[in-house]
Number of protein chains: 2
Amino acid sequence: MAKRGKINQRQRILEEAAKLFKSKGFAGTSMRDLGGEVGMEAASIYNHVKSKDEILESICFYISDTYISQLAEVEQTATPYREKIETLIRQHIRLMLEEGAAVSVANNDWKYLTGDKLTAFKDARKRYEHGFAALIEQGIAAGELQPVNVSVALFTILSAVRWVELWYRPGRGVSADELEQNILTMLLNGLAK
Amino acid sequence: MAKRGKINQRQRILEEAAKLFKSKGFAGTSMRDLGGEVGMEAASIYNHVKSKDEILESICFYISDTYISQLAEVEQTATPYREKIETLIRQHIRLMLEEGAAVSVANNDWKYLTGDKLTAFKDARKRYEHGFAALIEQGIAAGELQPVNVSVALFTILSAVRWVELWYRPGRGVSADELEQNILTMLLNGLAK
DNA sequence: ACCATAAACTAACGTTTGTTAGTTTTTATA
DNA sequence: TATAAAAACTAACAAACGTTAGTTTATGGT
């Protein structure tokens with residue numbers, strides 16, 4: 001019984017799929033494309049994976065699970081709200097740098113999920129957004145944050161960090177730490193002097 | 001000769017295509033889907049449009065042309081840099097509200113462009129980004145803006161406004177003016193107190 | 001060495017894809 | 001009302017799609 005090879009190959013398939021989905025989209029990527037990247041025939045992929053849809057599901061829920069558990073952790077920590085939000089922003093940026101392709105898929109290709117999975121993913125996202133929004137709201141109520149519209153603040157933050165993955169290339173001018181620091185400055189202190 | 005109907009139908013096709021591309025992606029939308037939405041057979045669409053690719057091109061370049069000319073206008077106006085940037089942000093938000101589907105396509109599906117068109121689109125985008133970045137840089141040099149990393153500032157702004165289109169629904173809590181004002185507050189003054 | 005299983009292969013399936021050809025209907029004008 | 005162009009239609013195409021079936025090769029434990 002050689003089971004160890006199987007999970008490694010499955011992992012490799014998921015990783016290559018994430019890269020392809022990111023650059024060509026889920027619908028624009030064929031199983032033959034994926035096979036070519038992994039180094040096997042399209043049909044052989046089915047030894048490791050149930051379907052093309054299952055690949056997408058694995059990628060999307062891996063990311064949403066990560067976000068949800070990061071949020072839960074921050075919620076339980078006893079720190080000022082401003083610090084909680086700073087931590088969440090940092091975690092977003094880091095996940096983006098570490099799992100860029102998967103995050104991109106979860107952000108852009110989740111719409112190709114179907115049935116229960118689509119519902120579950122949307123629910124997870126809503127749960128995350130509500131939790132994050134609650135922290136901002138409490139931060140404003142506590143006087144730690146500006147009394148800006150909560151939804152606008154939430155989505156400005158989520159949007160601003162989300163695109164790191166699209167344009168940031170490490171080693172080219174800005175280091176990861178500088179990136180974090182600059183984004184935090186922008187979001188927390190603003191561009192104006 | 002009935003020429004008036006033709007351009008109207010073409011416009012309708014482009015608009016419905018933008019909506020479909022936004023929700024299902026370019027590769028995930030078939031000409032039969034589009035025909036269904038417009039109210040004709042897929043084959044009939046070709047009386048108004050050269051190909052599926054041409055539809056995508058029309059949408060993408062309509063948006064990029066708009067951005068480019070808005071930037072040119074702002075560059076020529078004699079106002080403080082902070083105000084120029086504020087204007088550009090406002091224009092982004094407004095275009096997003098007026099042409100949400102098309103903007104979404106230009107943001108997400110441009111990667112399905114091919115050959116010259118792909119090159120031209122990327123060039124236009126780069127030109128816009130460079131122009132915007134230059135304004136930020138000059139604003140910092142003039143002491144009107146915080147000395148933040150220019151790329152980070154630029155992409156934080158572009159990202160933050162870009163997603164308005166994904167989550168903002170007019171008439172639901174936040175008005176368009178409030179939206180503009182809140183985003184400007186976030187980006188220029190920051191969330192922290 | 002043998003055997004069971006995992007994991008690759010080839011070949012093919014039914015469907016859907018973008019697009020073309022040829023034909024009929026609609027429409028505006030003279 | 002006759003006519004010509006515009007714009008719809010039906011039918012079909014070759015290619016590409018996700019997936020299945022059946023077969024062969026590789027691998028690890030006894």
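The sequence lines fix the lettering, A, B, ..., with proteins before strands; numbering per chain opens at 1. Hydrogens, waters and symmetry mates play no part in the numbers below; they use all other heavy atoms, side chains included.
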K.L.:
Check whether any side-chain heavy atom of A:T79 lies under 4.5 Å from a side-chain heavy atom of A:T87, and answer yes or no.
P.N.:
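No, too far: nothing below the 4.5 Å cut-off.
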K.L.:
Throw together a table of side-chain donor-acceptor distances under 3.5 angstrom for residues 94-114 of chain A, partners on residues two or more places apart or in other chains.
P.N.:
residue: A:R94; atom: NE; partner: A:E180; partner atom: OE2; Å: 2.7
residue: A:R94; atom: NH2; partner: A:E180; partner atom: OE1; Å: 3.3
residue: A:R94; atom: NH2; partner: A:E180; partner atom: OE2; Å: 3.3
residue: A:E99; atom: OE2; partner: A:Y62; partner atom: OH; Å: 2.8
residue: A:S104; atom: OG; partner: A:N108; partner atom: ND2; Å: 3.3
residue: A:N107; atom: ND2; partner: A:V103; partner atom: O; Å: 3.4
residue: A:N108; atom: ND2; partner: A:S104; partner atom: O; Å: 2.9
residue: A:W110; atom: NE1; partner: A:N107; partner atom: O; Å: 3.2
residue: A:K111; atom: NZ; partner: B:K22; partner atom: O; Å: 3.4
residue: A:Y112; atom: OH; partner: B:K24; partner atom: O; Å: 2.7

K.L.:
Heavy atoms only: give me the nearest A:Y46-A:K52 pair and the separation to one decimal.
P.N.:
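That closest heavy-atom pairing would be OH-N, 4.5 Å.
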K.L.:
Report the distance from atom CG of A:L56 to atom P of D:dG18, rounded to the nearest whole Å.
P.N.:
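From A:L56 CG to D:dG18 P: 13 Å.
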K.L.:
Which residues in residues 17-24 of chain B have at least one heavy atom lying under 4.0 Å from any atom of DNA chain D?
P.N.:
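The answer is none.
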K.L.:
Is there a donor and acceptor pair closer than 3.5 Å between the side chain of B:N47 and the base of D:dA6?
P.N.:
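Answer no: no donor N or O sits under 3.5 Å from an acceptor.
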K.L.:
Is the closest basic N to carboxylate O distance between A:R12 and A:E15 below 4.0 Å?
P.N.:
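No.
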K.L.:
Using distance only, find each side-chain donor-acceptor pair of residues 148-158 of chain B under 3.5 Å and give its atom names and separation, not counting sequence neighbours.
P.N.:
residue: B:N149; atom: OD1; partner: B:S151; partner atom: N; Å: 3.0
residue: B:N149; atom: OD1; partner: B:V152; partner atom: N; Å: 3.0
residue: B:T156; atom: OG1; partner: B:V152; partner atom: O; Å: 2.6

K.L.:
Among pairs that include at least one residue of residues 168-193 of chain B, which meet ring-ring contact (aromatic ring centres under 6.0 Å, His included), considering only residues two or more places apart or in two chains?
P.N.:
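Output for this query is empty, none listed.
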K.L.:
Could you check how far CG of B:N8 sits from P of C:dA28, rounded to whole Å?
P.N.:
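That distance rounds to 12 Å.
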K.L.:
For residues 128-138 of chain A, which side-chain N or O atoms pair as donor and acceptor with protein atoms under 3.5 Å away, sequence neighbours left out?
P.N.:
residue: A:Y128; atom: OH; partner: A:H92; partner atom: NE2; Å: 2.7
residue: A:H130; atom: ND1; partner: A:K126; partner atom: O; Å: 3.1
residue: A:Q138; atom: OE1; partner: A:Y81; partner atom: OH; Å: 3.3

K.L.:
Using atom CD1 of A:I45 as one end and atom C1' of C:dA8 as the other, report the distance to the nearest whole Å.
P.N.:
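Answer to the nearest Å: 12 Å.
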K.L.:
Could you check how far CZ of A:R12 sits from P of C:dA7, rounded to whole Å?
P.N.:
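My rounded result for the distance is 13 Å.
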K.L.:
So if I define the base as every atom that isn't primed, P, OP1 or OP2, how would nucleotides 13-25 of chain C read as a B/S/- string at a heavy-atom cutoff under 4.0 Å?
P.N.:
----BBBB-----
K.L.:
Can you tell me the distance, in whole Å, between the CD atom of A:E41 and the C1' atom of C:dT10?
P.N.:
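Value for this atom pair: 8 Å.
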K.L.:
Side-chain N or O of A:Q9 less than 4.0 angstrom from OP1 or OP2 on C:dA8?
P.N.:
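Affirmative; the distance criterion is met.
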K.L.:
So which atom in B:H48 and which in B:R10 form the shortest heavy-atom distance, rounded to 0.1 Å?
P.N.:
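Heavy atoms only, the tightest pair is O-NH1, 3.4 Å.
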K.L.:
When you measure from the side chain of B:H48, which nucleotide among C:dA8, D:dC9, D:dA7 comes out closest?
P.N.:
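Selected nucleotide (nearest to the side chain): D:dA7.
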K.L.:
Is the distance from OP1 or OP2 of C:dC9 to the nearest side-chain N or O of A:S44 less than 4.0 Å?
P.N.:
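A:S44 to C:dC9 OP1/OP2: side-chain N or O found under 4.0 Å.
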K.L.:
For the residue pair A:L187 and A:A160, what are the closest heavy atoms and their distance?
P.N.:
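Between these two residues, the closest heavy atoms are CD2-CB, 4.0 Å.
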